[in-house]
2 protein chains.
Amino acid sequence: MATNAQRRAQTRGCLINAARHLFAEQGYADTSTEIILSGAGVTRGAMYHHFRNKAELFEAVCDLLSREAMAAIEKAVAGQRGSLATLKAGSLAWVDFMARDDVRRILVVEAPSVLGQERWRALDERYSFPLLREGIREAMEEGALHFSGSAEGLTVLLNGAMNALVLNDPWAENLPRLRQDLLALFDCFSGETP
Amino acid sequence: MATNAQRRAQTRGCLINAARHLFAEQGYADTSTEIILSGAGVTRGAMYHHFRNKAELFEAVCDLLSREAMAAIEKAVAGQRGSLATLKAGSLAWVDFMARDDVRRILVVEAPSVLGQERWRALDERYSFPLLREGIREAMEEGALHFSGSAEGLTVLLNGAMNALVLNDPWAENLPRLRQDLLALFDCFSGETP
DNA sequence: TTGACAAACAGACTACCAGTTTGTTTTTAT
DNA sequence: ATAAAAACAAACTGGTAGTCTGTTTGTCAA
């Protein structure tokens, strides 16, 4: 005798968890709903009661991973002093999290295509993007960061640079080097590399 | 009485052209091979004679669009004097081309997912990436660009920044502003904005 | 408690679609 | 001229996302 809220959370959780691992291993298109169902120990009717379609289940997985990313960033940022150090630490935490094989495939490679550009943007806007933007704003206001364009624009550009860092390094072999390059990029705005 | 090479070029051209427009309008997953076939005026047998599968046809479309991008860039770069001016002009041309609705959807949004990370990277490596890398190398060697990290790394970062510029602006409403921000970013490396 | 209602779930069924197979026509090379 | 290969035609198949109808389980007011 479980409450409805518990049943709901249980079923959704099983589906999201099974889907998460299968999407990470085989990709969205090559993961059949049937194998998700058997992995979750749930029936078709249950799944389509909780999610309108396969893509909506994928979006729920994206949401979960994004929340995990936020947690990792907040943890990395916790002990930092100064807006620039905070920004750097948070950015590196983001990169490290996104470089994980499962996360990269789902959030970086497939999400824009599966969710479509708009819903993908909305996802970003809900999580990491505002965090990065506020970090940049603060650093600019404190004078730790100099940029002649807009803070919003710089956020888009840096966000993309970090994304590329993950996307261009399929097996994370050059990650240490690229992390350094990212830090060097930040330093270009703080006037330390004339 | 057409030669085989002509027949081949004709059939492939029709398929690629039809697929290009349909993929741009409805996306890869929602475009059935059947509608491509009727659009191209070609039968199933013909298509699967020239392409191993649907994804390979998509890749052919990507190749075509990438070549068109190269042409646009080379045209924009033609009259420029100086490595930095050349770099800026080429980058803006790349952004403007990729911001086109059809190009963005195919090359920026869907290609990483449909081709898979490796083949997508290979595509980039075949076209725009080397161009950008050489532009950056030259500018760095001439002293027009300063960066304490590697040229390769800076290429990855700038390439990603430009990608994000296109991806974060679904209806290109902020494109003029973002183009300015990109130029401001370049200036950070040339020591013009302390 | 009970009874009406809604939420959660079960599983068969359908429409469609990517890729295969087998057979036919056209070009090429000897 | 003829054998081989390239190009094409179209029927067919296995599998899959989403639907439909019906059943079970929880909720809440009287």
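Everything quoted here is computed from the prediction, not taken from an experiment. Here is the naming used below: chain letters follow the sequence lines, and residue numbers restart at 1 for every chain.
When each of A/Gly45 and A/Thr33 is assigned the nucleotide of DNA chain D with its nearest heavy atom, A/Thr33 is the one assigned upstream, toward the 5' end.
When the side-chain nitrogen and oxygen atoms of A/Thr11 are compared with OP1 and OP2 of C/dC9, one or more of them lie within a distance under 4.0 Å. In terms of phosphate contacts, B/Thr3 brings a side-chain nitrogen or oxygen within less than 4.0 Å of OP1 or OP2 of C/dT28. Distances shown here put a side-chain N or O of A/His50 below 4.0 Å from the OP1 or OP2 atom of C/dC9. The side chain of A/His49 places an N or O atom within less than 4.0 Å of a non-bridging phosphate oxygen (OP1 or OP2) of C/dA8.
Separating the CZ atom of B/Arg12 from the P atom of D/dC8 is a distance of 11 Å, rounded to the nearest angstrom. Rounded to a whole Å, the CZ atom of A/Arg7 is 6 Å from the C1' atom of D/dG26. The nearest whole Å value for the distance from the CD atom in A/Gln6 to the C1' atom in C/dA7 is 15 Å. For the pair B/Asp30 CG and D/dG18 C1', the interatomic distance rounds to 13 Å; values are reported in whole Å.
Side chain of B/Thr11 to main chain of B/Arg8: no donor-acceptor pair is present (N/O by atom type, distance under 3.5 Å, no hydrogens or angles).
The residues A/Asp169 and A/Arg179 are annotated as not salt-bridged, no charged nitrogen and carboxylate oxygen being separated by less than 4.0 angstrom.
Atoms CE and CG, on B/Met98 and B/Leu65 in that order, are 8.0 Å from each other to the nearest 0.5 Å.
For the residue pair B/Asn17 and B/Arg20, no side-chain donor N or O sits within less than 3.5 Å of a side-chain acceptor on the partner. Residues A/Ser148 and B/Asp187 have side chains that never bring a donor and an acceptor to within less than 3.5 angstrom of each other.
As judged by a 4.0 angstrom heavy-atom cut-off over every strand, B/Ser32 is placed among residues touching the sugar-phosphate backbone only.
Within a heavy-atom distance below 4.0 Å of DNA chain D, no residue of residues 18-25 of chain B is found.
Judged by distance alone with a 3.5 Å cut-off, a donor-acceptor contact links the side chain of B/Arg44 to the base of C/dG19.
Distance from the side chain of B/Ala46 is smallest for D/dA9 among the nucleotides C/dG19, D/dA9, C/dC9.
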